[in-house]
Participant: 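This structure is in structure tokens; I'll ask about it shortly.
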Amino acid sequence: MCGIFAVVNDKSNQAAQTTLIGLKKLEYRGYDSWGIALIPEKRKKIKVEKHIGKIGQAETKLPNGNIAIGHTRWATHGGVTDRNAHPHLDCKKEIAVIHNGIVENYKVIKSNLSNKGHVFKSETDTEVIAHLIEEKSKKVPIIKAVFDTFNSLVGSNAIVVLDTNTETVLACRNGSPLVAGIGNNQFFLGSDVPAFLKFTNRVHFLHDGEAVVLSKKGVKLYDLKSGNEKMLNAQILDWKMEDAEKGGYQHFLLKEIVEQKNTIPKTAKINKPALKTISEKIRNGYKIVMSACGTAYYCTLAAKYFFAQLGTESETYGSYEYLPFTKFANKKTVFISVSQSGETADTLIAARAAKKQGAYIVAVVNARGSTLERLADSTLSVGAGPEIAVVSTKAFTAQLSTLYLLAHYAINKPEKGISKIYQLGKSLEKWINTKLFTQITKLAATLINNEDLYLIGKHLNYPASLEFALKIKESSYIHSEAFAAGELKHGVITLIQKGTPCFVLSSNDEAKDEVLSSAAELKARGGKIIGISPVKSAEFDFHIKTLDLGDLTFFPNVIVGQLLGYYLGIGRGTDPDKPRNLAKSVTVK
Ligand code: AGP
């Protein structure tokens, strides 16, 4: 939650404009408000610009200067107002602070500082950081004041501090993501790489307990507890600027949905040594326990069916519900944590708890350099590239195809899994085309004024329905609810009236006939039946034909939901890349 950006020694001497470019790439992390602080040329007083709402096409009127910091906010403490927008300043306006996280002990700090005469302008927890640094810097150099302040904060946090006196940017990390970019004589900080990818792909992902100081001379890395300087070994990422651009599409969401024809088959080329290591453990009797949140949780639910089909038992938990079951994890558990960002607070809590019990932790992640990756014993980095839309699509399918491959490695049949995933990629390549888009936009037009949609599916199509429904909710704000087909007669059927849109997801499999019987029951109650299936049926009032790929029909069935959510969102005037109230990574409990 919240996006952080900083530039030092900006070559164009337009650091505020550069910061705005960076923030536009980070807006998916929070869009309640945005703000920039800059040290203007030849002046010591910081200039600040803040606005509520999305950054969109915004421009900044801040003057020239080569050092600035900026922030996009997902509000936690204090309402969505200009005053609460970051950056926040100290009393003398010589220190500006931006922050991602929650300072759990901010009330005590605020009251101590108020007693010392500090005046607060916002309701945020962040503002106390600026004043505490100011207070401490009366006695010690700024670097020590920042480190001591950060070490006294309780909670998961990342802060970036702009100091006018030393003309430096100081940043500290504990629990919230932060990455430094080392360009050609200009230096950057971001919550995520796309923020500065236009300028450099040479990066250092800060670990918890690390700090960096950016000056005109370069980037120095420190250990926060000891204050000692550490060796900085930057890495070069293979990400290209196009990965973080819309590339002619109106929205990232649509671009990322279409990219799946490439990102899914790519998973069959990567991670081979790690898949081998993990699968050996499974074959040696380790029990698989999976955990994740939201879309990533639905990924684990689908993976549970894939494992079961091939004869391997597994369990999965929403990470937020895992703690009562932690006691069953032990040294013979392979604990698979699935997370696009690798920063989801509940997912990390569950993984840490399992690790404490001795479990072998596997991170199935898309973003690079994440906390989850660092705490894991083994990582399956699914390689879908930057996923900018808040609604997860390509990361989800890349994670699921990776787990599909793991299920095959686990029974020592990797080649079969690999060839099926390649085949899936080829089929998607042909199927995702104008004809499909036309059909889905037609369907969207008929549903645009509905406020309730229902979905049913059985076996693999049950998690497919859950994910399909979530995409509709996130992208279009239509209430859509998925049920296991078998649940229908146990209460759900009361919801169906004449004309209620009912989606029926099916594959050409053993569950098909049962699902179609459920569809007939819905139709008999007046339900309008929309079939998402490779096979046509008399029960369907509207049919979107998907691909007949056995268990892998899961993928096209879900892609229909992704596209339908997108087009419904467009039709209803939402911003499909930035749904209201959501953030890309949920770093708070
Ligand atoms: C996906 O569309 C959602 N925005 C959300 O459910 C997401 O999957 C969830 O918050 C988990 O995120 P993660 O994969 O980064 O852990």
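For ligands, and for the atoms within them, numbers begin at 1 and follow the listed sequence.
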Participant: Establish, yes or no, whether the cationic atom of Arg368 lies under 6.0 Å from the six-membered ring centre of Phe205 and within 45° of the ring axis.
Facilitator: no
Participant: For ligand 1, run through the N/O pairs with the protein that fall under 3.5 Å and put one pair on each line.
Facilitator:
unit_1	atom_1	unit_2	atom_2	d
ligand 1	2 (O)	Ser392	N	2.8
ligand 1	2 (O)	Lys471	NZ	2.9
ligand 1	2 (O)	Glu474	OE1	2.7
ligand 1	2 (O)	Glu474	OE2	3.0
ligand 1	4 (N)	Val390	O	3.4
ligand 1	4 (N)	Glu474	OE2	2.8
ligand 1	6 (O)	Thr295	N	3.2
ligand 1	8 (O)	Thr295	N	3.2
ligand 1	12 (O)	Thr344	OG1	3.4
ligand 1	14 (O)	Gln340	N	2.6
ligand 1	15 (O)	Ser339	OG	3.4
ligand 1	15 (O)	Ser341	N	2.9
ligand 1	15 (O)	Ser341	OG	2.6
ligand 1	15 (O)	Thr344	OG1	3.3
ligand 1	16 (O)	Ser339	OG	2.6
ligand 1	16 (O)	Thr344	OG1	2.4

Participant: Would you be so kind as to tabulate the donor-acceptor pairs closer than 3.5 Å made by side chains of residues 296-303, with sequence neighbours excluded?
Facilitator:
unit_1	atom_1	unit_2	atom_2	d
Thr300	OG1	Tyr297	O	2.6
Thr300	OG1	Thr316	OG1	2.6

Participant: Compute both the distance and the angle, then confirm whether Lys355 meets the cation-pi test with Phe335: under 6.0 Å from the six-membered ring centre, within 45 degrees of the axis.
Facilitator: no
Participant: With distance as the sole test, does Ser176 use its side chain to make a donor-acceptor pair with the main-chain N or O of Asn100 at under 3.5 Å?
Facilitator: yes
Participant: Any donor-acceptor pair under 3.5 Å linking the side chain of Arg173 with the backbone of Gly209?
Facilitator: no
Participant: In terms of side-chain geometry, is the basic nitrogen of Glu481 or Lys473 positioned less than 4.0 Å from the acidic oxygen of its partner?
Facilitator: no
